[in-house]
J.: 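This structure is in structure tokens; I'll ask about it shortly.
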Amino acid sequence: MVEIKTDAEMDAMREAGRVVARSLAAAQEAAGVGVSLQELDEAARTVLAEAGAGSPFLGYRPSFASVPFPAVMCTSVNDAVSHGIPTDYRLRDGDLVSVDCGALLDGWAGDAAITFTVGTPRPADLDLIDATRQALDAGIAAAQAGSRLGDISHAIDTVARKAGCGMPADFGGHGIGRQMHEDPHVPNRGRPGRGFPLRHGLVLAIEPMLMAGGKNTYYTDTDGWTLRTADGSQAAHFEHTVAITDQGPRILTLL
């Protein structure tokens with residue numbers, strides 16, 4: 001069931017979104033050559049604790065997962081598309097890192113993701129980051145009251161195709177509110193003018209995941225969580241929690 005939020009509820013979600021943004025910023029600031037992925041997770045845990053917020057990631061176990069998720073953020077490096085578990089892996093010069101984090105504050109959820117490089121970036125990785133960010137921006141711009149869910153999906157797909165990138169077909173964005181994952185599912189591919197109607201009060205997590213090799217195939221790592229590109233190519237992931245309003249899309253996960 002799709003739940004429509006009141007203006008006051010969207011304001012409350014904005015506060016959860018600020019916590020998410022601060023968590024992501026803390027993780028990126030902590031990142032550097034020699035820093036472990038667990039240390040990035042610890043930086044996010046500190047922000048959540050200081051804000052009095054909980055984590056929708058910690059202990060989360062959807063039907064596809066063999067074990068509950070053991071951290072407050074996903075850390076996905078290089079060919080990892082998403083859902084990477086923070087481990088004792090220490091970042092190396094040139095690593096491409098995607099971090100995805102959520103927060104629960106006063107009963108409301110926020111969810112967002114960013115991708116960045118560590119040390120000396122590869123030009124191709126910077127191009128991939130730029131294309132993925134553009135895909136997110138296009139999806140948000142299409143999130144207009146009176147449009148359809150397919151307009152968001154088509155906008156994301158158009159940017160990905162132009163960049164020559166693939167996307168994992170089974171994964172995309174989602175509704176969000178009291179729970180991190182709510183209806184409707186937000187595919188990263190779709191036909192314009194089709195799908196669920198967008199209206200004031202609908203809140204969505206929009207999240208393109210682009211794979212540089214141009215293929216759409218991926219596999220799940222032996223940890224039961226991490227999604228990796230089947231061809232070993234690099235991947236990037238950006239996400240914002242976005243409210244549909246009569247005044248245009250409102251991004252709830254900004255600082």
Side-chain angles (χ1 to χ4, degrees), residues 19-51 53-62 64-104 109-122 124-126 128-129 132-133 136 168 171 180 205 207-212 218-230 232-240 253 255:
V19 177
V20 174
R22 292 202 299 270
S23 299
L24 292 173
Q28 183 171 4
E29 184 176 354
V33 175
V35 176
S36 73
L37 298 179
Q38 288 172 338
E39 289 175 273
L40 305 191
D41 186 67
E42 289 166 6
R45 287 176 188 256
T46 298
V47 173
L48 292 174
E50 291 176 347
S55 169
F57 286 30
L58 185 62
Y60 180 59
R61 188 178 181 182
F64 66 80
S66 57
V67 295
F69 196 76
V72 303
M73 70 164 31
C74 300
T75 54
S76 306
V77 181
N78 295 326
D79 66 329
V81 184
S82 63
H83 299 169
I85 296 175
T87 65
D88 59 1
Y89 172 84
R90 295 193 175 276
L91 294 169
R92 302 170 183 173
D93 186 53
D95 274 348
L96 180 66
V97 185
S98 297
V99 291
D100 185 358
C101 189
L104 291 169
D111 188 10
I114 58 173
T115 300
F116 55 86
T117 58
V118 174
T120 307
R122 301 180 183 91
D125 287 348
L126 295 179
L128 178 62
I129 287 173
T132 312
R133 187 184 290 113
L136 175 60
F171 290 88
M180 178 172 61
E207 52 177 321
M209 308 166 197
L210 270 60
M211 304 188 293
Y218 64 92
Y219 69 94
T220 302
D221 212 339
T222 55
D223 62 14
W225 275 97
T226 307
L227 307 182
R228 295 190 182 276
T229 60
S233 64
Q234 301 283 77
H237 179 196
F238 279 90
E239 176 184 17
H240 270 308
T253 41
L255 284 171

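Residue numbers run from 1 in the order of the sequence given. What you are looking at is a predicted structure, and each value in this text was computed from that prediction instead of being measured.
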J.: Taking all non-hydrogen atoms of both residues, which atom of G59 and which atom of P68 are closest, and how far apart?
T.: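 Closest heavy-atom pair between G59 and P68: O-CB, 3.7 Å.
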
J.: For S76 and G84, indicate whether the former's side chain and the latter's backbone hold a donor-acceptor pair under 3.5 Å.
T.: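 Answer holds: yes.
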
J.: For residues P70 and I85, report the shortest heavy-atom separation together with the two atoms involved.
T.: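 Scanning both residues completely, I find the closest heavy atoms to be CG-CG2, 3.6 Å.
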
J.: Kindly state whether the ring of H83 and the ring of F64 have centres lying under 6.0 angstrom apart.
T.: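 Aromatic pair counts; centres sit under 6.0 Å.
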
J.: Quick one: CG on L58 to CZ on F69, what's the gap to the nearest 0.5 Å?
T.: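 One gets 9.0 Å once the value is rounded to the nearest 0.5 Å.
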
J.: For the residue pair Y60 and W225, what are the closest heavy atoms and their distance?
T.: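 That would be O-CZ2, 3.3 Å.
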
J.: Got a sec, which residues hit salt bridge (Lys or Arg N to Asp or Glu O under 4.0 Å) with R122, two or more places apart in sequence or on another chain?
T.: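 With neighbours one apart ignored, the set is D125.
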
J.: Any side-chain heavy-atom pair from E239 and M209 closer than 4.5 angstrom?
T.: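 No, every pair of side-chain atoms sits at 4.5 Å or beyond.
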
J.: For the OG atom of S55 and the CE atom of M180, what is their distance to the nearest 0.5 Å?
T.: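 With rounding to 0.5 Å, OG (S55) is 7.5 Å from CE (M180).
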
J.: With a 4.5 Å limit on heavy-atom distance, are the side chains of I129 and L96 in contact?
T.: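 I129 reaches L96 side chain to side chain.
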
J.: How many angstroms lie between atom CG of D221 and atom CG of D79, to the nearest 0.5 angstrom?
T.: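 CG of D79 is found 8.5 Å from CG of D221.
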
J.: Could you check if a side-chain atom of Y219 sits within less than 4.5 angstrom of a side-chain atom of L227, using non-hydrogen atoms only?
T.: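 A side-chain contact under 4.5 Å is absent here.
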
J.: Considering non-hydrogen atoms only, spot the tightest contact between L40 and M73 and give its length.
T.: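 Residues L40 and M73, closest heavy atoms: O-SD, 4.0 Å.
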
J.: Look only at the side chain of D95 and the backbone of N78, and say whether a donor-acceptor pair between them is shorter than 3.5 Å.
T.: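 Not confirmed, D95 side chain does not pair with N78 backbone.
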
J.: Contact between L128 and L210 at the side-chain level, heavy atoms closer than 4.5 Å - yes or no?
T.: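 Yes, their side chains come closer than 4.5 Å.
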
J.: How long is the straight-line distance from CZ of R22 back to CD of E29, given to the nearest 0.5 Å?
T.: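 If we round to the nearest 0.5 Å, E29:CD and R22:CZ are 13.5 Å apart.
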
J.: If we only count heavy atoms from C-beta on, is the F171 to E207 side-chain gap below 4.5 Å?
T.: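 Sidechains of E207 and F171: no contact.
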
J.: I'd like to check Q28 versus V99 (side-chain heavy atoms, cut-off strictly below 4.5 Å). Are they in contact?
T.: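 Not in contact.
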
J.: Please assess V118 against V97 for the test side chain to side chain contact (heavy atoms under 4.5 Å, CB included), listing each intermediate value before the final yes or no.
T.: CA-CA 7 Å; V118 174; V97 185; 3.9 Å; yes

J.: How many angstroms lie between atom OG1 of T87 and atom CG of D41, to the nearest 0.5 angstrom?
T.: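 Answer for the OG1-CG pair, T87 versus D41, is 10.5 Å.
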
J.: Grab the two heavy atoms, one from A51 and one from V19, that are nearest each other, plus how far apart they are.
T.: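 Here A51 and V19 meet closest at CB-CG2, 3.8 Å.
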
J.: Among all residues two or more places apart in sequence or in another chain, which pass the side-chain hydrogen bond (donor to acceptor under 3.5 Å, both in side chains) test with S98?
T.: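 In terms of side-chain hydrogen bond (donor to acceptor under 3.5 Å, both in side chains), with neighbours along the sequence ignored, S98 is linked to T115.
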
J.: Can a donor-acceptor pair be found, under 3.5 Å and without considering hydrogens, that links the side chain of D93 to the backbone of T120?
T.: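 At least one qualifying donor-acceptor pair exists.
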
J.: Which pair of heavy atoms, one from L37 and one from L91, lies closest together, and at what distance?
T.: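 Answer, listing the atom of L37 first, then L91: CD2-CD2, 3.8 Å.
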
J.: Are the side chains of D111 and T253 in touch, meaning some heavy atoms are under 4.5 Å apart?
T.: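 No - every pair of side-chain heavy atoms lies 4.5 Å or more apart.
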
J.: Tell me whether R61 contacts the main-chain N or O of S66 through its side chain, where contact means a donor paired with an acceptor under 3.5 Å.
T.: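 Yes, R61 side chain to S66 backbone: donor-acceptor pair under 3.5 Å.
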
J.: Look up atom CG in L24 and atom CG in D100, then write down how far apart they are to the nearest 0.5 Å.
T.: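 Here the rounded value is 7.5 Å.
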
J.: Would you indicate whether R92, at its atom CZ, is surrounded by more than 12 heavy atoms from other residues, nucleotides or ligands within a distance under 6.0 Å?
T.: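 For R92, atom CZ is not crowded (no more than 12 foreign heavy atoms under 6.0 Å).
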
